[in-house]
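Reading through the structure tokens given below for one structure.
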Amino acid sequence: MWSRRRGLLRPLGCGVEELRCRRREREAALRKARREQQLVSKRLLRDEATEEAEGGCVVVILGEAEIQEFLRLAQRGIEEKERERALVSLRRGLQHPETQQIFIRLEGSIRTLVGLLTSNQALLQLEAARCLHELSHSEQSAVAEACLPATSYLLTYLSSHSSDFIELCLYTLGNLIVESEAVRRQLLPQGIVPALAACIQSSASTDSSVLGSTLPQHILQLLQPGPKLNLGVAVEFAWCLHYIICSQVNNALLITQGALTTLGLLLLDLAAAVQRTKNAGLELLVCPVVRCLSNLLTEAAAETVGGAVHLRDERVVAGLFILLQFFLQEQPSLLPEGLWLLNNLTANSPSFCTSLISLDLIEPLLHLLSVSNVVSVLVLTVLCNVAEKGPAYCQHLWPGLLLPTLLDTLALSDTEVVGQSLELLQLLFLYRPGAAQAFLQQSGLQALQRHEEVAQLQDRVHALQQTALHG
Amino acid sequence: MQLPPALHARLAGAAGEAAPLPVQRDPLAGNAPFRFAARQVRFPREHEFFEDGDVQRHLYLQDVITQVAAEPERPRVPEFTCQVAGCCQVFDALEDYEHHYHTLHGNVCSYCKRAFPSGHLLDTHILEWHDSLFQILAERQDMYQCLVEGCTEKFRSSRDRKEHLVVHHLYPADFRFDKPRKGRGPASQVSTEAVGEDQAPSEGEAMEVCSEHAEAHPGPPRERRVYGHRIPSTICFGQGASRGFKSTKKKSKRL
């Protein structure tokens, strides 16, 4: 799968600028679709080339009688080739939404398909899985729900050793998860998290990771060069998990299953990987992992459940900064998501705030302030998380680069950025009285004056002016 | 964005938590007109915050589909036969062979030749169907392990386990990889269990012997040898000297 993606870099006979332009247009269309809630990201595996070679790719709507006949042949045909062909015909028909509707309403149809999926005939298994895959791509949630009886088997097959089959089952599950709440609710108790973790483990090589033996087995070899399935599987894993976590079907269960620790370790592995390779494409995995971790941290269970399931390892902070640097270089549009995770890590955690200080990460954070307004607001929020914990923390913020940097942000006009700067200044003045003096001496009052008339800012500006002048 | 050099070393170091600096808040902090309060933020799936990442994801998926469509036909090779003894399946594409091999010859029980989708299920099967020590222990304690990876529950019987799978894990009641052993007593079963046990139309029975494997399997003598190795004939479990494991005629009261 990944070799296919590298092929994207083949020259297509048009200029780079035109390619960029086309991509921007596609992106704009997708953004519009997303805002209208029309963007459903599903994966479709379809071997168009083979189908063309086999004569025509016109999708025919199959009727009840035809479907029944194909199922009958597939189940009871004498010749294996005949059975296979019947399923291929069924699969082609299932590319059409109408056939899908007729199929799911036919009594026993799913049951027969599941029977073929679990049969001992390998090629029939594959074709049955492909039929399910077509069904999973439907935009009708009723069709996705009709596939519920198959999920326990799709999960079981993730531990098999046939890589094409695993891919098929995995993407089918992924599509079903995207589409249907009922599926998401069923998959957690059916053990999707351990199944996916085992799937990653079994597809990995057996060499030990450069990070040493302290990390659990099933995450270790994730990104080593090896079987093609590793990164692809991990990407699907992460997106599946993201949809499940967002649905909040049972995040407490995920947490007790150790999802926080697992995701943290995965993040570390990714940070190590981006240092090793120049492989753009890793952001496809980093993005959903960051989202999963960040949203899961907000669950109440994350606070109340005791012991090992908590995320406390400060290496996660170190790893996140390496990923932030990676985003800055490869995909700046993902910086906000990374900083959002940093916020969720530091907001209620004196320990992680201390890590930011002890690992010398305040200054790198300040360097991000020039990227964009959204990024700046998030950076300032994280800094506020640190400052609000009191004098022991502010001691490391001033004297230093923070004050001159804040004076620079006050020169900007974005209200949100300035507002957050004012919040940070208040905390700084409160816990480091000397800072107010220094602020005055560096023409801070003039910097504040700019915003005296801005509605959202004026109260805070005046309060700061008072504090600076009168203590 | 320059990162401190020690950071990479920290990443490669041991897990650990920073001892937090003392927290000491002033009640004035965040007081009106200020409003800052440190808090975690959750975003639902459709939130616009996720727009950029979602668009990237979708573009990637679209690219992959484009790539699949543009790919040349799967390479066909001259026909070849599966090399496993007794299997005569013929192939002309490597991917088909890979799937066939893993499905039918991958995780195969050496006692009864049933094939399983994964090593985990095979191990469970061997333990529950072919291990005499398991049978003994199962009389006294919960030995039937839940089939869902990560679930540590154990049960007294395979029926209890099945109920757990259905109720707790929402598995189908007729889950195909959880067939209980039929019949009484371990030794008497071996000769009949492999071929033809749990007979159902072939497409429904994943654990059935592949029709190409018509060879005779070891059978009872092999099982007895296992018993002989593990349980000296002078030892007898349960009440009464007549209850032992060598007898194939005796019907045990359990299972």
Side-chain angles (χ1 to χ4, degrees), chain A residues 4 7-8 27 30 34 41 43-44 48-49 75 115-116 118-120 122 126 152 156-157 159-162 164-165 186 189-191 194 198 246 284 287 295 298 312-315 318-319 325 328 333 344 347 350-351 354-355 358 360 364 367 384-385 388-390 392 423 426 430 459-460 463, chain B residues 1 3-4 7 10-12 15-18 20-26 28-29 33-34 36 38-40 42 44-45 51-55 57-58 60-61 63 65 67 69 71 73 95-96 98-100 102-104 106 117-118 120 148-150 169-172 175-176 203-204 206 208 210:
Chain A
R4 290 181 201 156
L8 185 62
E27 274 191 37
L30 289 177
R34 191 182 185 279
S41 302
R43 183 181 289 272
L44 183 61
E48 308 275 356
Q75 216 180 354
L116 290 162
T118 56
S119 75
N120 62 352
L126 264 178
S152 60
T156 303
Y157 288 130
S159 313
S160 72
H161 297 289
S162 164
D164 281 351
F165 194 50
Q186 176 165 294
Q190 283 186 343
C246 282
L284 292 162
C287 171
N295 265 339
T298 68
R312 296 208 198 284
D313 188 353
E314 72 168 352
R315 292 179 304 170
Q325 186 186 53
L328 188 59
S333 61
N344 285 357
S351 171
T354 306
S355 295
S358 59
D360 277 322
H367 284 296
C384 285
N385 287 347
E388 70 92 26
K389 303 218 166 20
E423 298 286 341
Q426 192 236 3
L430 197 53
D459 291 342
R460 291 181 280 178
Chain B
M1 181 190 181
L3 293 176
L7 198 68
R10 182 66 195 96
L11 189 68
E17 198 185 340
L21 293 165
V23 176
Q24 200 186 335
R25 292 188 179 96
D26 190 314
L28 286 175
F34 297 94
F36 178 77
R39 60 184 185 91
Q40 294 175 320
R42 177 192 163 256
R45 181 169 153 184
E51 189 179 288
D52 282 302
D54 280 359
V55 166
R57 159 78 170 161
H58 202 94
Y60 158 69
L61 289 177
D63 289 345
I65 293 169
Q67 279 307 288
E71 227 186 329
E73 220 179 276
E95 288 92 341
D96 293 346
E98 193 206 12
H99 184 60
H100 161 89
H102 288 306
T103 303
L104 291 177
S118 68
H120 171 64
V148 174
E149 298 227 33
H169 292 292
L170 307 186
Y171 265 49
F175 188 64
R176 287 193 167 80
E203 94 289 348
E208 196 182 81
C210 165

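What you see below is based on every heavy atom in this structure, not just the backbone, and it leaves out hydrogens, waters and symmetry mates.
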Next on the checklist: With chain A as the partner, which of His169(B), His120(B), Glu51(B) has the greatest number of non-hydrogen pairs under 4.5 Å?
Outcome noted: Glu51(B)

Distance from [X] atom [atom1] to [Y] atom [atom2], nearest 0.5 Å?
X	Y	atom1	atom2	result
Phe36(B)	Cys384(A)	CZ	SG	4.5 Å
Arg57(B)	Leu30(A)	CZ	CG	13.0 Å
Gln186(A)	Leu170(B)	CD	CG	5.5 Å
Asp52(B)	Arg34(A)	CG	CZ	9.0 Å
Phe34(B)	Arg460(A)	CZ	CZ	7.5 Å
His100(B)	Leu126(A)	NE2	CG	12.0 Å

Item to check | Side-chain donor or acceptor of Ser351(A) paired with backbone N/O of Ala18(B) under 3.5 Å | outcome: yes

Item to check | Donor-acceptor contact below 3.5 Å, side chain Arg315(A) vs main chain Glu17(B) | outcome: no

What are the two closest non-hydrogen atoms of [X] and [Y], and how far apart are they?
X	Y	value
Gly16(B)	Asp313(A)	N-OD1, 3.2 Å
Pro117(B)	Thr156(A)	CG-CG2, 4.0 Å
Ala38(B)	Glu388(A)	CB-OE2, 3.7 Å
Ala392(A)	Leu21(B)	O-CD1, 3.7 Å
Leu28(B)	Gln426(A)	O-NE2, 3.2 Å
Gly53(B)	Cys287(A)	CA-SG, 4.2 Å

Between [X] and [Y], is any pair of side-chain heavy atoms under 4.5 Å apart?
X	Y	answer
Pro4(B)	Pro364(A)	yes
Arg10(B)	Glu314(A)	yes
Gln325(A)	Met1(B)	yes

Checklist entry - Among Leu328(A), Asp360(A), Leu430(A), Asp459(A), which has the most heavy-atom pairs under 4.5 Å with chain B? => result Leu430(A)

Item to check | Greatest number of heavy atom pairs closer than 4.5 Å to chain B - which of Ser333(A), Ser358(A), Gly319(A) | outcome: Ser333(A)

Next on the checklist: Which atoms of Val148(B) are under 4.5 Å from chain A, going by heavy atoms: the side chain, the backbone, both sets, or neither?
Outcome noted: side chain

Checklist entry - Between Arg39(B) and chain A, which part of the residue has a heavy atom less than 4.5 Å away: side chain, backbone, both or neither? => result backbone

Item to check | side chain to side chain contact (heavy atoms under 4.5 Å, CB included) assessment of Phe175(B) paired with Thr118(A) | outcome: CA-CA 10 Å; Phe175(B) 188 64; Thr118(A) 56; over 6 Å; no

